[in-house]
Number of protein chains: 2
Amino acid sequence: MADSEADFLANYDPSRYPPVAVTVDVVAFTIREGRLNVLLVRRAGPPMRDMWALPGGFVGEWEDLPTAAARELAEETGVANAHRRLHLEQLGTYGAPDRDPRMRVFSVAYLAFAPHLPDPVSGTDAREAAWVPMDERPETLAFDHTTILADGLERARSKLEYSPLATRFVDEEFTIADLRAVYETVWGEPLHAGNFHRKVLSVPGFVEGTGATTERGGARGGPRAKLYRAGDAQLLHPALLMPSREEAVR
Amino acid sequence: MADSEADFLANYDPSRYPPVAVTVDVVAFTIREGRLNVLLVRRAGPPMRDMWALPGGFVGEWEDLPTAAARELAEETGVANAHRRLHLEQLGTYGAPDRDPRMRVFSVAYLAFAPHLPDPVSGTDAREAAWVPMDERPETLAFDHTTILADGLERARSKLEYSPLATRFVDEEFTIADLRAVYETVWGEPLHAGNFHRKVLSVPGFVEGTGATTERGGARGGPRAKLYRAGDAQLLHPALLMPSREEAVR
DNA sequence: TTAATAGTGTCTATTAGACAATATATT
DNA sequence: AATATATTGTCTAATAGACACTATTAA
């Protein structure tokens, strides 16, 4: 039994299968100056040279998928793999037979969030990379990256509802107003400050107070705000629902 | 420009990349005799001969991912690709470097639901296939399928909360009690009949009445029940939350 | 006749959201 | 002094969930 399995593996010839490749592509969001930004790269070589695309590349031979995604992100932004506050989750896999003209390529897309990600550095392949505000992004990206980005945005928007993800977009210590700015930026609509405040504090484990306050009040007046850090909740219950969800139900 | 892109493609040699393969594996759930069942196959050949596994296989050269998943399911169950009430969604991709001893294999897992799926037929490769009640499933499956199945179950459980997925587990016309049985089966806990009834009817677009009733009352008494069919909602709002969610938040 | 079930009524606690009020900062 | 902001208070409508009740049907 064990022998036959060993024999099988010794005689196994992978090359008789049609060649396919697997890449990871990363939808990386950060917030800069009150706007949601996505990391894009301009392709340096064919195919689709000079088009904007999501950062990504082939998965290394001995590399795990999340490791590959973190590496691709690090190559563009210099963010260390182990960046403490980086959130990385799998978004989905895109494998339409004609999505890449070179060969059959399956792309495993990842979604990344972090506060204050640094300005992009030139990648190893010297391609241009930039943080692009979502409302100024090119209408179409290379390959099917337009779809992937749209899916990533939708995932981010709904993840804010039931997960404490928003705390990944702010500093380690933050005010309720900081957190509200994240929701308003990603959801694209204003929230009622008072109700939001009370709601956040009412969700168990979402945030915990530090006892400290900001050094100064708001830029244009107002008292100092209490500082909080992320709590231990993995799921927000009850959830913070998008105001526009109601109509988007069908 | 166009020329250089054409040149590039003509000279592109896929074989210089290390060989990888992409498979689809399907977590197919159905409800039989009040129990949640999953479709498993017993592996006919190496590696891991005779172990139970999720149905799946290599993605065809010109095949889309959802098409491949539907085909794999059809090969085991005879369910036509276009089965009207089959729900199929991508669950995630599993690509740990050592998950398959033969070579680097990435598996794109799909989640499938349908009512009354037929008894498995022998697949083309003559392997044994069976519907297995979830509480009698083998402790470990081949490869990383134990993990994939666990992820699929978790996805199914939470999808019932905010999507009208439960209507895919019942006949086209169903009673509120039929629907409640789905929730109780997948969530594994009893629900209050009266409150569930009112709740379902209060969610816009979840179900719509047909005007008809069942021919007979319940097996052990009770009035005839009104019949409903699935409504047009894509999202349940407000959601039906699992009773045990509250504690599972951290 | 007994028991099970469908469907509805009622009550309470919780929550969402509109709106207001107060105190504390900034310019 | 004028204005912006953080935080808390109040009120109303909607909702979840516990419990009870009625009508209908099978055995």
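Per chain, numbering begins at 1; letters A, B, ... match sequence-line order.
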Value in whole Å for how far the [atom2] atom of [N] lies from [atom1] of [X]:
X	N	atom1	atom2	answer
B/His197	D/dT22	NE2	P	18 Å
A/Glu189	C/dG17	CD	C1'	14 Å
A/Phe196	D/dT5	CZ	P	16 Å
B/Leu236	D/dT15	CG	C1'	15 Å
B/His192	C/dT5	NE2	P	14 Å
A/Leu191	D/dA6	CG	C1'	16 Å

Close approaches to DNA chain D from residues 216-228 of chain B, in residue order (heavy atom, under 4.0 Å): B/Arg216, B/Gly217, B/Gly218, B/Ala219, B/Gly221, B/Gly222, B/Pro223, B/Arg224
query: Is there a donor N/O on one and an acceptor N/O on the other, under 3.5 Å, for the side chain of B/Arg198 and the base of D/dG17?
result: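 No, no donor-acceptor pair under 3.5 Å.
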Can you list everything that forms a side-chain hydrogen bond (donor to acceptor under 3.5 Å, both in side chains) with [X]? Sequence neighbours excluded, please.
X	result
B/Glu184	none
B/Arg155	B/Glu89
A/Asn37	none

Please list, one pair per line, the donor and acceptor atoms closer than 3.5 Å that link side chains of residues 216-226 of chain B to other protein atoms, with sequence neighbours excluded.
from     : atom 1 : to       : atom 2 : distance (Å)
B/Arg224 : NE     : B/Glu215 : O      : 3.1
B/Arg224 : NH2    : B/Glu215 : O      : 3.4

statement: Checking D/dA20, D/dT7, C/dT15 against the side chain of A/Pro238 (C-beta onward), the nearest is C/dT15
- line: The nucleotide from D/dA6, C/dA6, D/dC19 with an atom nearest the side chain of B/Asn195 is D/dC19
task: With sequence neighbours left out, write down each residue that passes ring pair (Phe, Tyr, Trp, His ring centres under 6.0 Å) with B/Trp187, or none if nothing qualifies.
output: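 Only B/Tyr183 meet the ring pair (Phe, Tyr, Trp, His ring centres under 6.0 Å) criterion with B/Trp187.
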field: Closest-nucleotide ordering on DNA chain D, the 5'-leading residue of B/Ala239 and B/Gly194
entry: B/Ala239
- prompt: What heavy-atom pair brings A/Ala28 and A/Leu73 nearest, and what distance separates the two atoms?
  reply: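 Nearest pair, atom of A/Ala28 first, then A/Leu73: CB-CD1, 3.6 Å.
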task: Scan residues 148-181 of chain A for pairs that pass ring-ring contact (aromatic ring centres under 6.0 Å, His included), counting only residues two or more places apart or in two chains.
output: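 Pairs touching residues 148-181 of chain A that pass the test: A/Phe113-A/Phe169.
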- prompt: Heavy-atom contacts under 4.0 Å between residues 179-188 of chain B and DNA chain C, which residues?
  reply: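 Hits under 4.0 Å, by residue number: B/Arg180.
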query: Heavy atoms, side chains only, cut-off 4.5 Å: are B/Phe143 and B/Leu54 in contact?
result: no
field: Within residues 24-34 of chain B or reaching into it, pairs that qualify as salt bridge (Lys or Arg N to Asp or Glu O under 4.0 Å) - sequence neighbours excluded
entry: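 Non-adjacent pairs meeting salt bridge (Lys or Arg N to Asp or Glu O under 4.0 Å): B/Arg32-B/Asp119.
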